[in-house]
Every structure is written in structure tokens, then in C-alpha cells.
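Bear in mind the structure is a predicted one, so any value in this text is a computation, not a measurement. Here is how names work: the chains are called A, B, and so on, in the same order as the sequence lines, proteins then strands, and each is numbered from 1.
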2 protein chains.
Amino acid sequence: MTDARQAAPESAAAEGRSPARVADTLHRSAIQLLRRLRQEDRRSGLSGPRASALSVVVFGGPQTLGALAAAEQVRPPTMSRLVRAMESEGLLLREGDAKDARVVRVRATAKGIRILQAARARRLARLQVALESLPSGELATLDEAAALLERVARTL
Amino acid sequence: MTDARQAAPESAAAEGRSPARVADTLHRSAIQLLRRLRQEDRRSGLSGPRASALSVVVFGGPQTLGALAAAEQVRPPTMSRLVRAMESEGLLLREGDAKDARVVRVRATAKGIRILQAARARRLARLQVALESLPSGELATLDEAAALLERVARTL
DNA sequence: CCAGTTAGTTAGCGTTGCTAACGAATATGC
DNA sequence: GCATATTCGTTAGCAACGCTAACTAACTGG
């Protein structure tokens, strides 16, 4: 099945580096990472779906409701209800579009931005502490890999 | 606040490699990666919570209901209902403990294992395809980083 | 101007999360 | 050994989230 031995690559043994194996380890470690960081979200007052949707609006700028639903991989009725609930909590607001009266544009409020950033800061702080205890070489590897991974994820 | 300039590290510029920045990029890329891979789960017939719980039982072996709830970061009543539903679908079975009659031990059935592995294979296949188009140096970086990340995640 | 398409909502259902309260079994203390 | 406390899991009941089906309103193309 595997063609790992053909034309041995330039350097350090390629046996552990088949795309299949890397995919597996990457997948498992990403799941594990986010699972642990999710513990920090309890005290944010934001549910998972709300934090995720709010994040898209805060970092991606104002969005139509449909675009937001697509980004969150959720159907329009689900996002419609989510947006209404979050609007009533003052996290975001819905505004009409000047060109097309059908669309609803969603924008984060100052409060929404503040709350999301606080939740995000808690997650990142926890991860940062763990990274601080790594030797600089390992940190460099993670830095390169993270940038790479971001690019790979966009092409998925 | 940052002490990035003190005692300049051995090699290539450390400016982008503060733990804070790496944490941020890692976090974002992990979210993006799993968000995309989640699209594959639609055709597995397993909901997110079910796939996740089943995965813990398949890879971690038989578990008590409470341990499973803790692993999934969910309260016992939630896991109790989830397990009952999955048992009725033939994905796993509940068996009593010989030593302690209070505990319920949960084990995956052959069907459960098969279905989980199929879902997992779909996710991994998609990621693998993306990785195959990377130059081997980048793949090596991801390989090292994935192993590192797995270790970091365990200490979180 | 009329048919078709698109954006979003409403209605109604199943699943998944919780807390509170309980039953049963085990552990502890006197 | 027996009363009490603790632990494990379940039941009941609620809120949040996911879906599809069906609808209204608005835009588009002839």
C-alpha cells in the first residue's frame, strides 16, 4: 500500500512522514488541543455556537446572515435564531442593506467585541503558558507549522 | 512587557516567535482545520457528540460512564442519555461491573468501531490529500510539530 | 408585468446541554 | 455491625441548537 521506501528523500528518515501518518497525528493533536482550551470557555458566558459566530463577525467584519450561516456550517433558520438571541443580549446588531432590502447585515457591538476578546484571551493565555516552557527550537517548529497549517486549512 | 530582545537567540530572527504569537496562530489554524474537516461528518450518520464519545470508547477502551462524561466535558445525565441512545443504535453496549454494582461500563460494538473508523477515514483522507501536495520539507515540519503539539496538549 | 429565484423568518420537531432530586451501592466512623 | 456519608448513575424538566418544510418579501429576467 505505502510507497514509503521509493527514492529515499534527502534527509532524516522519512518513515514516519507519510502524509497519512502526519494527517493522523495532526488531526488528533488539533482535537486534543481545542478540547482542553474549551475548558476556559465556561466562565465566558458564551456558548460554543455563540462564541464561534461572534468570532466570525468580529474578525471578518459585518456579514449577511446567510454568509454567517455558511461560515458556521449551519442552516439559515438556525443562524437567524442565534443572531436574534445575541442581538437581544447586546452582543451584535442587525442592520438592513441599502441596495437589497432582503438581506440582513450583522455587526458586532462594542460589548460583543469586548466579551469575545476576553474569552479568546483566556484561551490564548492558557496555551501561551504551555508554550513558554518549550525550548526555543521547538517553539520555532511550532511557529512555522502553524503558519503552514493555516495555509493548508484554507485549501481544504 | 515582552522581553523578546534580551539575549538574542541562536538563529533566525525571533521576532515572530513569541509564545503569544505562536499561541494565536496555532489556535486559529487548529480551529480552521477542524472546521473544514467537520464537513466530512455529514455523511457519517454520527452527530458531533456521538462521534466524539464513540471515539473515546473505541480508542481508549471500555470506560465507566462517569469517566466518559468527564472525558467529553459533559455532565453525567447528558452522557447517560447519549449512551442509551447509542446503545439502542447498536454502536456500543453497557455492561455492569463485577466489583462495584453502581458503575456502568461502556464498550464499543463491532458496528460502532466500523462506523467510527469510516467517519475518521473520511476526515483523514481529506487532510491527507492536502498534505500530499506539500514539499517534503514542509511535511517534515508539520510532522515534528504535530508530535510536539500532542505533547503540549496533554499538559494543558 | 409575471414567473422564477433568493434572503430571511416562522413553525415544529429531535438532540444535546444543564440542574435538581432521587435510588442504589459502597465506604466510613463509632 | 450499623448508622451515616459518599459515590454512581438515572429520571424529570428546562433551555439552547440543529434540522426540514413552508411561508413572505424582494429582487431578477424575460
Side-chain angles (χ1 to χ4, degrees), chain A residues 34-35 38-57 62-107 115 119, chain B residues 34-35 38-57 62-107 115 119:
Chain A
L34 295 182
R35 198 198 288 269
R38 202 170 56 197
Q39 291 174 357
E40 295 301 318
D41 294 347
R42 293 187 163 279
R43 69 197 85 174
S44 75
L46 286 175
S47 71
R50 288 179 194 201
S52 185
L54 186 53
S55 170
V56 169
V57 176
Q63 312 257 336
T64 69
L65 194 145
L68 193 50
E72 290 296 295
Q73 295 173 37
V74 146
R75 299 293 175 192
T78 298
M79 189 51 68
S80 185
R81 187 176 34 188
L82 202 51
V83 164
R84 184 149 40 89
M86 292 172 80
E87 184 183 32
S88 81
E89 290 174 1
L91 299 173
L92 43 79
L93 35 90
R94 299 146 37 103
E95 35 196 39
D97 186 290
K99 311 273 184 171
D100 188 338
R102 291 170 303 178
V103 318
V104 169
R105 208 158 287 273
V106 179
R107 169 191 307 275
I115 289 182
Chain B
L34 295 182
R35 199 198 286 271
R38 203 171 56 197
Q39 292 173 357
E40 295 301 317
D41 294 347
R42 293 188 162 280
R43 69 197 85 173
S44 75
L46 285 175
S47 70
R50 290 181 192 199
S52 185
L54 186 53
S55 170
V56 169
V57 176
Q63 312 257 337
T64 68
L65 195 144
L68 193 49
E72 290 296 294
Q73 294 172 38
V74 145
R75 300 292 175 195
T78 299
M79 189 51 69
S80 185
R81 186 176 37 190
L82 202 52
V83 163
R84 185 150 40 88
M86 292 173 78
E87 183 183 33
S88 80
E89 289 173 3
L91 300 173
L92 42 79
L93 34 91
R94 301 147 36 105
E95 36 196 39
D97 186 291
K99 310 275 185 168
D100 187 339
R102 292 171 301 179
V103 316
V104 170
R105 209 158 287 273
V106 179
R107 170 192 306 276
I115 288 183

Selected nucleotide, minimal atom distance to A/Arg75 side chain, candidates D/dC19, D/dC17, C/dG8: D/dC19
B/Arg102 bridged to B/Asp100 by N-O distance under 4.0 Å: yes
Nucleotide nearest B/Val104 when distance is taken to its side chain, options D/dG18, C/dG8, D/dG9: D/dG9
Gap between atoms CD and C1', on A/Glu72 and D/dG18 respectively (whole Å): 13 Å
Distance-only donor-acceptor test, B/Arg94 side-chain atoms vs D/dG9 base atoms, 3.5 Å: no
Value in whole Å for how far the P atom of C/dA25 lies from CG of B/Leu65: 17 Å
Spacing of B/Asp41 atom CG relative to D/dC19 atom C1', expressed in whole Å: 16 Å
Position toward the 5' end of DNA chain D (nearest nucleotide), A/Gly48 or A/Ala101: A/Gly48
5' precedence on DNA chain C between A/Thr64 and B/Thr78 (nearest-nucleotide basis): A/Thr64
Shortest side-chain distance from A/Pro49, nucleotide among C/dT15, C/dG8, D/dG18: D/dG18
Integer-rounded Å distance: C/dG17 C1' and A/Arg38 CZ: 12 Å
Given C/dT9, D/dA16, D/dT10, the nucleotide with the shortest approach to the side chain of A/Pro76: C/dT9
Euclidean distance, B/Arg94 CZ relative to B/Met86 CE, rounded to 0.5 Å: 12.5 Å
Any A/Ser80 side-chain nitrogen or oxygen under 4.0 Å from OP1 or OP2 of C/dT9: yes
Contact check, side chains of B/Leu91 and B/Leu46, non-hydrogen atoms, under 4.5 Å: yes
Between D/dC8 (P) and B/Arg84 (CZ): distance, integer Å: 20 Å
Selected nucleotide, minimal atom distance to A/Val103 side chain, candidates C/dG8, D/dC14, C/dA25: C/dG8
Test item: A/Ser88 side-chain N/O and A/Ala85 main-chain N/O as donor-acceptor pair under 3.5 Å: yes
Whole-Å gap separating C1' (C/dG17) and CZ (B/Arg50): 14 Å
Between C/dT16 (P) and A/Arg81 (CZ): distance, integer Å: 15 Å
Side-chain N or O of B/Ser47 closer than 4.0 Å to phosphate OP1/OP2 of D/dG18: no
Test item: A/Ser52 and A/Glu72 side chains (from C-beta on) under 4.5 Å apart, heavy atoms: yes
Atom-pair distance (CD on A/Gln73; C1' on D/dC19), nearest Å: 15 Å
Below 4.0 Å: OP1/OP2 of D/dC19 and any side-chain N or O of B/Arg42: yes
Which residue lies more 5' along DNA chain C, comparing A/Arg102 with B/Pro77 via nearest heavy atoms: A/Arg102
